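Reviewing the structure listed below.
Please read these numbers as outputs of a predicted model, since none were measured by experiment.
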Amino acid sequence: MIKIIDAIFPMYANYRDNRVLHQKLNAKEDNEPESLLCHLEHTKAINTDILKQQYDDTFRMKDRLEDKAKINVIGITLAITMIMGANGVLNSIYKKYPMPSLQWLAFVLLAVAITYLLIAGIIVLKVLTDENIVYTVSMNSFASESTLRLDYDRCIVQNRTLNLIRNNSVYSSYECIRNALVCLFIILLFSTMPIGFQQNKTAISSVHDQYRFTFVSETISYLKSHDVQPVVEDTILNAVGNGSKLIKSNDAIGIIDSKNNLYIKFMLSKENIIVMAIEPYSIP
């Protein structure tokens with residue numbers, strides 16, 4: 001369970017682990033630092049040159065980790081790019097999937113992906129700023145071989161602890177980018193999946209002074225290919241005005257627009273007019 005939580009929230013795992021390392025590092029500064037040599041046998045055989053090599057290795061490791069951190073700063077650039085293009089991506093999904101649940105899912109996934117990328121960038125920026133610390137050997141230590149060995153020992157342990165903190169942060173940044181890519185991949189599947197949904201309910205409506213027009217889905221395709229919606233509405237209003245006493249509420253009425261060769265079927269329900277069919281006809 002902990003591994004699952006760490007995979008979903010790598011930023012929390014990074015904070016938890018690095019907090020322990022920082023406490024350990026601060027304890028070393030306040031008290032006697034942990035010794036590297038005390039855990040080894042025949043320490044007298046390890047001369048100062050070997051310790052200096054290990055000391056220099058901590059700096060090389062620091063440089064490599066900071067180079068990786070600089071690469072991960074691109075997460076912020078990607079997040080900004082996604083924010084700028086989010087409107088187009090979401091609109092394409094909204095048009096393709098008229099279900100609110102899928103629309104909200106796409107929005108949440110995109111928001112989570114952007115959040116992951118921003119956090120990935122912030123984590124590595126912290127590596128390059130707050131964690132940009134090194135422990136160096138004091139010049140006074142070079143006056144004595146024994147003091148120099150102890151100073152090298154102290155700096156190696158502390159720099160290794162800092163490098164471990166940097167490594168945790170860089171790794172967590174990569175995990176955040178990985179999670180963002182998973183969210184973006186799901187969004188890509190939504191937007192490119194070759195399926196669509198058709199609405200069976202009403203799709204177009206308009207309001208006049210007295211009546212509200214609603215066009216059912218069967219009429220939408222004809223309205224899209226022929227600009228006749230104003231004509232249809234005017235024809236129906238004329239029919240309702242001329243035969244208001246004959247038209248009963250909730251009855252389907254069929255009328256003909258001889259000028260535009262259209263058969264129109266509608267139903268009057270109080271102040272609502274539901275257009276049920278629009279069909280062209282020809283006179284032989």
Inset, instruction - Mind running side chain to side chain contact (heavy atoms under 4.5 Å, CB included) on F215 and Q229 for me, showing each step along the way? - result: CA-CA 9 Å; F215 293 82; Q229 182 176 343; 3.7 Å; yes
Inset, instruction - Could you go through the side chain to side chain contact (heavy atoms under 4.5 Å, CB included) check for L223 and V228 one step at a time? - result: CA-CA 6 Å; L223 290 177; V228 295; 3.9 Å; yes
Inset, instruction - Run the numbers on L51 and D153 for side chain to side chain contact (heavy atoms under 4.5 Å, CB included), then give the verdict. - result: CA-CA 7 Å; L51 291 174; D153 188 14; 5.6 Å; no
Legend entry - Worked check of side chain to side chain contact (heavy atoms under 4.5 Å, CB included) between T219 and M276: CA-CA 7 Å; T219 64; M276 305 168 64; over 6 Å; no
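Contact detail for A252 and K265: the closest heavy-atom pair is CB-CE, 3.7 Å. Here the closest heavy-atom approach between residue A7 and residue N179 is recorded as O-ND2, 2.8 Å. Across every non-hydrogen atom of L188 and S191, the tightest pair is O-OG, 3.0 Å.
Under the 4.5 Å side-chain heavy-atom criterion for Ile, Leu, Val, Met, Phe, Trp and Tyr, I4 and Y171 are members of distinct hydrophobic clusters. By the rule that hydrophobic residues join a cluster once side-chain heavy atoms approach within less than 4.5 Å of another member, I122 and L117 end up as members of separate clusters. Criterion: ILVMFWY side-chain heavy atoms under 4.5 Å apart, direct or through other members. Under it, I83 and I187 are part of a common hydrophobic cluster. At a threshold of 4.5 Å between side-chain heavy atoms, the hydrophobic network of Ile, Leu, Val, Met, Phe, Trp and Tyr places L184 and I186 in one connected group. Grouping the Ile, Leu, Val, Met, Phe, Trp and Tyr side chains by contacts below 4.5 angstrom, directly or via other members, places M61 apart from L21.
Residues satisfying the side chain to side chain donor-acceptor pair (under 3.5 Å) criterion with N260, sequence neighbours excluded, are D257. Checked against side chain to side chain contact (heavy atoms under 4.5 Å, CB included), N91 has the following partners two or more places apart in sequence or in another chain: N87, Y94. In terms of the side chain to side chain donor-acceptor pair (under 3.5 Å) criterion, N272 has no residue partners (sequence neighbours excluded). Annotation: side chain to side chain contact (heavy atoms under 4.5 Å, CB included) contacts of K126 (sequence neighbours excluded): D130, E131. The ring pair (Phe, Tyr, Trp, His ring centres under 6.0 Å) test applied to H22 returns no partner, not counting sequence neighbours. For D151, the side chain to side chain donor-acceptor pair (under 3.5 Å) partners are S141, R154, not counting sequence neighbours.
Taking Ile, Leu, Val, Met, Phe, Trp and Tyr as members and joining any whose side-chain heavy atoms lie under 4.5 Å apart, directly or through other members, the hydrophobic cluster of Y174 also contains V170.
Residues V134 and N159 are in side-chain contact: their nearest non-hydrogen atoms beyond the backbone lie under 4.5 Å apart. Contact annotation: the side chain of F9 never approaches that of I119 to less than 4.5 Å [non-hydrogen atoms, C-beta and beyond]. In this structure, L262 and T235 have side chains that are not in contact, with every pair of non-hydrogen atoms separated by 4.5 Å or more. No side-chain heavy atom of Y211 sits under 4.5 Å from any side-chain heavy atom of I236. For the pair Y15/S172, no side-chain contact is recorded, criterion being any heavy-atom separation below 4.5 Å from C-beta on. Between M11 and Y116, some side-chain heavy-atom pair lies under the 4.5 Å cut-off.
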Only pairs under 3.5 Å count here: list side-chain donor-acceptor contacts from residues 63-70, not counting sequence neighbours, and write none if there are none.
from: E66; atom 1: OE1; to: K62; atom 2: NZ; distance (Å): 3.3
from: E66; atom 1: OE2; to: K62; atom 2: NZ; distance (Å): 3.0

Would you list the atom pairs, donor with acceptor, under 3.5 Å between side chains in residues 104-114 and any protein atom, with sequence neighbours excluded?
none

Name the atoms and distances for all side-chain donor-acceptor pairs under 3.5 Å in residues 72-80, with sequence neighbours left out.
from: N72; atom 1: ND2; to: S173; atom 2: OG; distance (Å): 2.9

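At a cut-off of 3.5 Å, with distance as the only test, no side-chain donor of T58 or N163 sits close to an acceptor on the other residue.
Taking SG of C155 as the start and CZ of R160 as the end, the distance is 12.5 Å to the nearest 0.5 Å. In this structure, the separation between CD on E271 and CD1 on I273 is 10.0 Å, given to the nearest 0.5 Å. With rounding to the nearest 0.5 Å, the separation of CD1 in I133 from OG1 in T161 is 12.0 Å. Taking CG from N18 and CZ from R166, the interatomic distance works out to 11.0 Å, rounded to the nearest 0.5 Å. In this structure, CD in Q103 is found 9.5 Å from CD1 in I93, a value given to the nearest 0.5 Å.
Contacts classified as salt bridge (Lys or Arg N to Asp or Glu O under 4.0 Å) and involving residues 10-23 (residues at least two apart or in different chains) are given here: D6-R16. Applying the ring-ring contact (aromatic ring centres under 6.0 Å, His included) test to pairs two or more places apart or on separate chains, those with a residue in residues 46-93 are Y55-F59, Y55-Y152.
No option in T214, I278, I255, I274 other than I255 meets the side-chain contact (heavy atoms from CB on, under 4.5 Å) test with F266.
For Y12, the OH atom counts as loosely surrounded, since its 6.0 Å shell holds 12 or fewer non-hydrogen atoms of other residues, nucleotides or ligands. Sparse packing is recorded around CD1 of I2, with 12 or fewer heavy atoms of other residues, nucleotides or ligands lying under 6.0 Å away.
Under the 4.0 Å criterion applied to side-chain N and carboxylate O atoms, K52 and D56 are assigned as salt-bridge partners.
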